[in-house]
2 protein chains.
Amino acid sequence: MTPRSTGPKGKRATILDVAAASGVSRQTVTRAMNDMAGISPETRERVQRIASELGYSPSRFAKGLVQGAKVSIGLAIPDLTNPYFPAFASSVVEAATGRGWNVVVDDYGHGTGSAADAAARLAPQVDALIGYLAPHADEAQALMGRRPVVALDSPDAGTAGRISFDYHHAARLALAHLAGRGCTNVAFLDSNQGAPAGSRSAAAAAVAEEAGMQLTRFQAEPSAAAAKAAVALLAGRAEPVDGILAFNDLMAAGALKALQASGNAVPGDCAVIGMDGIPLGELLTPELTTLALDLRAVGRAAVGLLEGLLSGSLAEGGTEAHLILRHELVLRQSA
Amino acid sequence: MTPRSTGPKGKRATILDVAAASGVSRQTVTRAMNDMAGISPETRERVQRIASELGYSPSRFAKGLVQGAKVSIGLAIPDLTNPYFPAFASSVVEAATGRGWNVVVDDYGHGTGSAADAAARLAPQVDALIGYLAPHADEAQALMGRRPVVALDSPDAGTAGRISFDYHHAARLALAHLAGRGCTNVAFLDSNQGAPAGSRSAAAAAVAEEAGMQLTRFQAEPSAAAAKAAVALLAGRAEPVDGILAFNDLMAAGALKALQASGNAVPGDCAVIGMDGIPLGELLTPELTTLALDLRAVGRAAVGLLEGLLSGSLAEGGTEAHLILRHELVLRQSA
DNA sequence: CGCATCCGCGTGAACGTTCACGCAACCCAG
DNA sequence: CTGGGTTGCGTGAACGTTCACGCGGATGCG
């Protein structure tokens, strides 16, 4: 009665076990499992049944070794908890799935990890890498060897592919709008982490100077709670700001909260503009004006770039494949 | 001068190529690449340099075939765009990374995909599966054969492991609170998709009947926008509801928006309670009262369950490993 | 009846790595 | 000068699968 259980213990069943139990050869089992031609329906069915009874499932390693095909890509992101990244990851997964690729996700934000750690974990497992890798993009490319890497928002080159964002353009849109509203004392609420932090605020500073606007910069961790605390401090200061441009929408949301808590009307007393355009913005009160990115386009672009690099049609001559995307100002209520 | 580029074209460099170019044997290359003992420092360095020049990276298939070790798990979720799922996924990834496992994510919400499709894509690639698989959990387990599957929020059994939620408990908490506030005409804003939909509203209905409360149910797609539209219709009806319990926080957020747009005060005219406790709730105005789950605990539990199943210490006798988690009422402003 | 064809199935070989050995050269103590 | 240990490296075997053949028997047609 005991079904000769090749349970979780003991070696897994192999194709030879199935062949022996069915009284056929390896190749016939292969034909049965993969629905190939050259096998009678009865044999096929019998082999499939026996395979199922034995709990047989083919080794992906052996299969991969001999076929060599299947592509799997690594996706390294700093924090799935920040709504921006799942929005991006979602489109990457969609684009990859559409190509028959699969996606191994690594979130290096937990603990004290860095992008380099994620790349080190991913490198032995994948054929290509996409990720927010700054400031360790070059290290990641080294770990991946000849396999293509697409780095997003990474100021340093060193990867086969790169996608960056035109922060000067974004800053111009936002600051022009704030100026048009009559804001004279604008603050940039910057992140204090990651390499991209600097580039956003630097662009804003450059644009502000060019336009003769005053722009003060202050920093906080890139979370809503930290931004809220930071803005709460700011709101108590002597000369109040009348406009805030935030590093991202999450920080903008925190700013909104803090301003309301301290009795400031938004946008009446202080206008707020976020960045990246995550769906969250529409649910806030007031709804968040933001520099929106077409988030699904970002993921599509990254996977498309990777496809070009994998097929060798891009960057054969050592030229780096580089895409620059632009934000768009979406006017809602907060500014 | 041209570095005999074994570019993206042509076969990848193998360990034998490196061995030949270095004038040593396979095994010595292995020793050099894996930092093993039994090799002189000079040889190690030379081999590593040559390997790097050749763009050599070891085949994960061959390695996996011979070592058999590395665990990779599949994570099947319906929609990365719904903030609940990344919150959950984040903790799964964290727990898996901590064990040295890697996570292959599949989002089956795009297109018209079902959980069964995701399982079919994932099955050949992973050693175990975690996911929101209802109503196709049994199908997923069949595809995985003897390899363990942990299904979340799946009413049907059929998987080796299962994590469910005590919706009766949740409903009691919420409805008691609403009753205490004096609500007499409460609505359950249900999702119209997925198998879990039914179980939440059914539990609420049972609890309401038990308590002699009136509870009407209406449905919408489980997104903020759809919920907003549905509640907008509801708000225009003759006898107004004075309390809403939503399928999830996202739908609750939409309800908030709709109520405010139609001039209803929350919680004054109508109280709103969400479900699952995603971070978003704290950013809304008014802040969302919700039936919160310890989201990180859910992921930890799923991975822990999987670990037990993989090691064989659980469910050896055919008994299914089943965990039931409870929601907790977090009072904020909306109810 | 003879020949070609097809159907159903089996047998080496190969994929790229690591593991378990084996082996020569060298060092050092007795 | 001899024996035993160490150091540095190489050689078969194995992991589990698919690919490219090969082969006997039945069936078709002239």
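Owing to the predicted nature of the structure, the values given are computational and were not obtained by experimental measurement. Naming convention: chains lettered A, B, ... in sequence-line order (proteins, then strands); numbering from 1 in each chain.
Between B/Y56 and B/D17, the closest side-chain pair of non-hydrogen atoms is not below 4.5 Å.
The nearest whole Å value for the distance from the CD1 atom in B/I15 to the P atom in C/dC15 is 14 Å. One atom, CE of A/M33, and another, C1' of C/dC9, lie 18 Å apart when rounded to the nearest Å. A/R26 places its CZ atom 11 Å from the P atom of C/dG10, with the value rounded to the nearest Å. In this structure, B/K63 atom NZ and D/dC15 atom C1' are separated by 15 Å, rounded to whole Å. Rounded to an integer number of Å, the gap from CZ of A/R60 to C1' of D/dT17 is 14 Å. Put simply, CE on A/M36 is 13 Å from P on C/dC9, counting in whole angstrom units. To the nearest angstrom, P of C/dC9 lies 12 Å from CD of A/Q27. Look at CG on A/L65: it is 12 Å from P on D/dG16, rounded to the nearest Å.
When the side-chain nitrogen and oxygen atoms of B/T43 are compared with OP1 and OP2 of D/dC9, one or more of them lie within a distance under 4.0 Å. The phosphate of C/dC9 (OP1 or OP2) has a side-chain N or O of A/S40 nearer than 4.0 angstrom. At D/dG16, none of the side-chain N or O atoms of A/T14 fall inside 4.0 Å of OP1 or OP2 (strictly under the cut-off). At D/dG10, one or more side-chain N or O atoms of B/S25 fall inside 4.0 Å of OP1 or OP2 (strictly under the cut-off).
Between the side chains of B/S90 and B/R296, at least one donor-acceptor pair of N or O atoms lies under 3.5 Å. For the residue pair A/Y132/A/Y84, the side-chain donor-acceptor check at 3.5 Å is satisfied.
With the nearest nucleotide of DNA chain C identified for both B/N34 and B/R31, B/N34 has the one nearer the 5' end.
The base of C/dC15 lies outside donor-acceptor range of the side chain of A/Q67, with no N or O pair under 3.5 Å.
Between A/D127 and A/R147 there is no salt bridge, since no side-chain nitrogen of the basic residue lies less than 4.0 Å from a carboxylate oxygen of the acidic one.
Within the 4.0 angstrom heavy-atom criterion, base atoms lie near A/T30.
Crowding of B/E45 atom CD: a count of heavy atoms from other residues, nucleotides or ligands under 6.0 Å not exceeding 12.
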